[in-house]
Amino acid sequence: MTDHHPTPDFRFRVDATDGQARTGAITMPRGVVRTPAFMPVGTAATVKAMYADQVRELGADIVLGNTYHLMLRPGAERMARLGGLHHFMRWDGPILTDSGGFQVMSLSALRKLDADGVTFRSHIDGTAHRMSPERSIEIQGLLGSDIQMQLDECVRLPAPPEAIEKAMRLSLRWAERCRTAFGEQPGKAMFGIVQGGDVPDLRVASARALVDLDLKGYAIGGLAVGEPQAVMLAMIETVEPHLPAHKPRYLMGVGTPDDLLRSVERGVDMFDCVMPTRAGRHGLAYTRHGRINLRNARHAEDTRPLDEASACPAARDYSRAYLHHLVRSDEILGMMLLTWNNLAYYQDLMAGMRAAIREGRFLTFAAETRAGWERAEA
Ligand SMILES: O=c1[nH]cnc2cc3nc(NCc4cccs4)[nH]c3cc12
């Protein structure tokens with residue numbers, strides 16, 4: 001097995017493969033990330049409705065921080081004065097931060113994108129801000145991020161090929177500028193982001209140009225933006241052969257449990273998605289029996305837990321009737337328990353995939369997992 005002790009540098013090892021699927025670990029000074037890995041989203045320095053200790057105990061090795069939110073509140077320089085994001089939120093493991101660009105374009109007001117960056121007004125207080133590749137890397141450094149993402153331009157699909165190409169080429173120029181701004185930070189990494197929409201030739205051109213920059217890892221961006229799952233999977237298959245096998249692949253914003261199975265099968269190592277946490281706050285439980293909407297009246301007198309076989313107290317110790325009551329009553333505990341259950345289920349799914357790949361039975365594991373979902377009511 002790999003040496004899983006934290007190391008002074010950033011190192012990725014593949015321990016086993018099963019078809020295109022891989023399992024291994026990223027070792028960094030702040031800890032080890034077992035792959036394939038799911039990163040809970042910790043938008044405003046908190047994984048919503050969770051204590052940091054709970055997130056660790058349910059099996060997460062790394063969490064994601066959103067640069068856009070944190071630069072606006074509490075502010076990047078202020079976060080640095082307060083000792084950085086890890087200390088601030090009491091998470092001592094690795095943190096990956098996004099560049100902020102995606103959320104600037106989807107959340108901020110009056111945003112204007114040009115060749116040098118993006119100008120926007122805060123959705124919180126309307127103040128004006130400027131995000132360039134250099135400033136994004138500077139902010140991520142001030143936050144204390146272990147894995148920093150390049151600033152890129154993500155085009156929503158469907159889109160004209162010319163727009164997709166323009167955004168892909170801008171993202172490549174920004175990757176070079178981020179690479180220069182990042183410099184040499186031992187133990188930390190900067191990942192490039194493959195763009196190119198749903199156009200295979202543009203996807204390949206983007207991947208090859210990024211690989212020439214010899215980065216520590218590669219994200220696949222521009223997906224999970226409304227395209228059918230088949231298109232997303234086709235783009236992963238298009239890009240995968242052009243990414244180095246000995247470096248991590250991170251599929252941004254993905255996804256449902258089925259997305260995770262099908263993407264790991266195609267060679268993806270890292271994921272982040274708001275699905276488990278957001279769904280938990282809306283009364284939806286992800287379980288090995290499938291997705292269960294606890295608002296539904298059918299649960300009102302169901303004394304069974306969500307999953308008596310789970311190690312997670314939220315899944316094992318509370319009746320569906322109680323969870324239904326909490327959700328219908330809009331009680332905070334309902335959000336807490338369902339978020340806890342959902343993140344635990346996602347981590348159990350990742351752990352199951354890692355073991356299945358090690359034992360050469362990934363496709364059987366995937367089929368059995370999907371079969372289990374059929375038994376749930378909607
Ligand atoms: O190309 C990207 N670049 C940088 N960040 C991203 C984040 C992303 N998140 C999703 N999907 C999940 C979503 C969350 C909110 C709206 S879509 N797709 C994504 C694509 C990108």
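In this chain, residues are counted from 1 in sequence order. One-based numbering, in listed order, for ligands and for the atoms of each.
The side-chain contact (heavy atoms from CB on, under 4.5 Å) search around Glu77 returns Arg81, Arg135, Leu142, not counting sequence neighbours. Taking Val327 as the reference, Leu294, Arg295, Leu338 meet the side-chain contact (heavy atoms from CB on, under 4.5 Å) condition, with sequence neighbours excluded. Under the side-chain hydrogen bond (donor to acceptor under 3.5 Å, both in side chains) criterion, Asp317 pairs with no residue at all, not counting sequence neighbours.
A distance of 6.5 Å separates CG of Asp116 from OG of Ser132, quoted to the nearest 0.5 Å. A distance of 15.0 Å separates CG of Asp61 from CZ of Arg30, quoted to the nearest 0.5 Å.
Of the charged side-chain nitrogens involved, at least one lies within less than 4.0 Å of a carboxylate oxygen, so that Glu184 and Arg179 count as a salt-bridged pair.
Within 4.0 Å of ligand 1, protein heavy atoms belong to Phe102, Asp152, Cys154, Gln195, Gly221, Gly222, Leu223, Ala224, Val225, Met252, Gly253, listed by chain and number.
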